[in-house]
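The structure appears right after this line, and notes come after that.
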There are 2 protein chains.
Amino acid sequence: MTMQASQAITRKSLHHELVDRLQTLIISSELAPGTKVPEKSLCDQFGVSRTPLREALKVLASDGLIRLEPNRGAWVTQVTEEEVEEVFPVLGALEALSGELACRHMTDAEIEEVRVLHNQMLESYERRDLDAYFSINQKIHRAILLAARNATLTTSCQALSLRMQRARYLANMTEGRWYQAVQEHEKILKYLVARDGQNLATTLLKHMEAKRVSVIRWLQDKENAPGSS
Amino acid sequence: MTMQASQAITRKSLHHELVDRLQTLIISSELAPGTKVPEKSLCDQFGVSRTPLREALKVLASDGLIRLEPNRGAWVTQVTEEEVEEVFPVLGALEALSGELACRHMTDAEIEEVRVLHNQMLESYERRDLDAYFSINQKIHRAILLAARNATLTTSCQALSLRMQRARYLANMTEGRWYQAVQEHEKILKYLVARDGQNLATTLLKHMEAKRVSVIRWLQDKENAPGSS
DNA sequence: TGACTTAATTATGAATTCAAAATTACGTTG
DNA sequence: CAACGTAATTTTGAATTCATAATTAAGTCA
């Protein structure tokens, strides 16, 4: 069953398209952390030759999603404690900035959109629907980021978020942490509505710090009780 | 086709080496902003085929140093006002973080090294030696960055710095701005020695903001009096 | 059997080739 | 001569090919 015709890529820049697709595969763990990137099989799957695929791998490597070992191929990077301790502070600083800028530039309509998302998120929290919660959560953070009106900031933030996403998405929040996160989001909305950039920045920073602790804890648990995907 | 021997590349990963070399060419303006990247001539110059060169171009494009136009090749990006307004705030936030972390992690010996550099910088200021000043200036910022002990932060900062470097390096500081910058550096050293992370962060942020203004002014002057390179 | 060599296979890195697109050069016509 | 259209050339994007390094398999000998 060679159905690569259906999946064959034609749009704009091939390597760029491949970067997107590979990112998706990595975030969704279809390409599992620590495993080798199956160059040949991906070429078959996407119906492309090795040249554009390898171009995409170089880009992903510079973003830290994969690691290139000379003459030994590409490997999906693991989310390590060390990396988490590095990335979250940086992400915190960037999100804080995005909050500050968003307070200056966000339209009232956009704030209203965030309020709607916020309420949807509360609902999914009530339902204990973690998937929905994460999805809406991301939309809120993204809305704030976009409202900062700074493409460079957006790019930098997203690149780092991507690296954490696998880890964060699967982080089985405790009931306590989940409640805490919701409380933090109440404050985020409050300060956004008040256009209080300073306090929003501080809150987003603390929010990220709490996430860091949560993810670290999850990584440590996983280490002690490995195996179950 | 031969004679590539003189500059031929042999070290580790070819595309990685090419990324480095091309960055250097771009920063030094040997590849001038706004011009087309001469793929063929670079291949000849480096003695490599197009494949690894194009891999490097993809990476540089994702870092924003060049722009890829589908079917039309690669172009060295211009430093625009818009971009400066975007990048400097982000860089400011990151340098502020680096200052905060550096105060926690820097060894006394490392602080001493910064002091030495600082004094050298003052000397080059007295001599009005702009090249030396910039070079030492960069070393100081880099020392602080490395002392933050955060590889992710280092990478992010440097990527953004690179994009600004062409513009900043050529920024013909006014006497007034130069004096101001030196004063700012006095404070930076002071707070570093005191390990006052909060104030160091604030100072670095202001320092970057002042640089932004300076570069913007330079860009505007350049626009009104173009041509002279 | 098990450690060590050596040969076969496979995967990787980079050059080359090839089709398609864009650019340039040329010629025509008004 | 200028504007347009067509042909030749060059450049680009991507597949293919090729040399080399790494991995696996097979064979040898204690």
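Below, chain A is the first sequence line, B the second, and so on; all start at residue 1. Heavy atoms only: backbone and side chains are in, while hydrogens, waters and symmetry mates are out.
- A donor-acceptor contact shorter than 3.5 Å is absent between the side chain of B:Ser161 and the backbone of B:Gln158.
- Annotation: proximity of residues 55-66 of chain A to DNA chain C (heavy atom, distance under 4.0 Å) is found for no residue.
- Between A:Leu42 atom CG and D:dA14 atom P there is a gap of 17 Å when expressed in whole angstrom units.
- When atom types are taken as modelled, the side chain of A:Thr77 and the backbone of A:Gly64 share a donor-acceptor pair closer than 3.5 angstrom.
- The backbone N or O of B:Thr152 lies less than 3.5 Å from a partner atom in the side chain of B:Ser156, making a donor-acceptor pair.
- Rounded to whole Å, the distance from NE2 on B:His15 to C1' on C:dA14 is 13 Å.
- A side chain to side chain contact (heavy atoms under 4.5 Å, CB included) with B:Leu22 is found for one member of B:Leu57, B:Val59, B:Leu65 and no other, namely B:Leu57.
- Ring planes of A:His185 and A:His207: perpendicular class, angle over 60° (limits at 30 and 60°).
- Look at B:Thr51 and you won't find any side-chain N or O under 4.0 angstrom from OP1 or OP2 of C:dA14.
- Whole-Å rounding puts the B:Asp44 CG to C:dA15 P distance at 12 Å.
- Counting only N and O atoms by type, the side chains of B:Thr80 and B:Glu82 include no donor and acceptor under 3.5 Å apart.
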Tell me, for nucleotides 7-12 of chain C in 5' to 3' order, what letter each nucleotide earns: B for a base near a protein heavy atom under 4.0 Å, S for only sugar-phosphate near one, - for neither? ----SB
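- The separation between B:Glu17 atom CD and C:dG13 atom P is 16 Å, rounded to whole Å.
- A donor-acceptor distance shorter than 3.5 angstrom exists from the side chain of A:Thr155 to the backbone of A:Ala151, with no hydrogens or angles considered.
- For the pair B:Glu100 (side chain) and B:Ala201 (backbone), a donor-acceptor distance under 3.5 Å is absent.
- Between B:Glu55 and B:Lys58, none of the side-chain N atoms (NZ, or NE/NH1/NH2) sits under 4.0 Å from a carboxylate O, so this pair counts as no salt bridge.
- Here D:dA14 presents its P atom at 15 Å from CZ of A:Phe46, a figure rounded to the nearest Å.
- For B:Glu110 and B:Arg149, the salt-bridge test passes: some basic side-chain N is under 4.0 Å from an acidic carboxylate O.
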Watson-Crick and G-U pairing of DNA chain C written in dot-bracket, each distance under 3.5 angstrom, with | for inter-strand partners: ||||||||||||||||||||||||||||||
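- Without hydrogens or angle criteria, B:Ser214 side chain to B:Ala210 main chain gives no donor-acceptor distance under 3.5 Å.
- Atoms CG (B:Leu53) and P (D:dT12) sit 11 Å apart, rounded to a whole Å.
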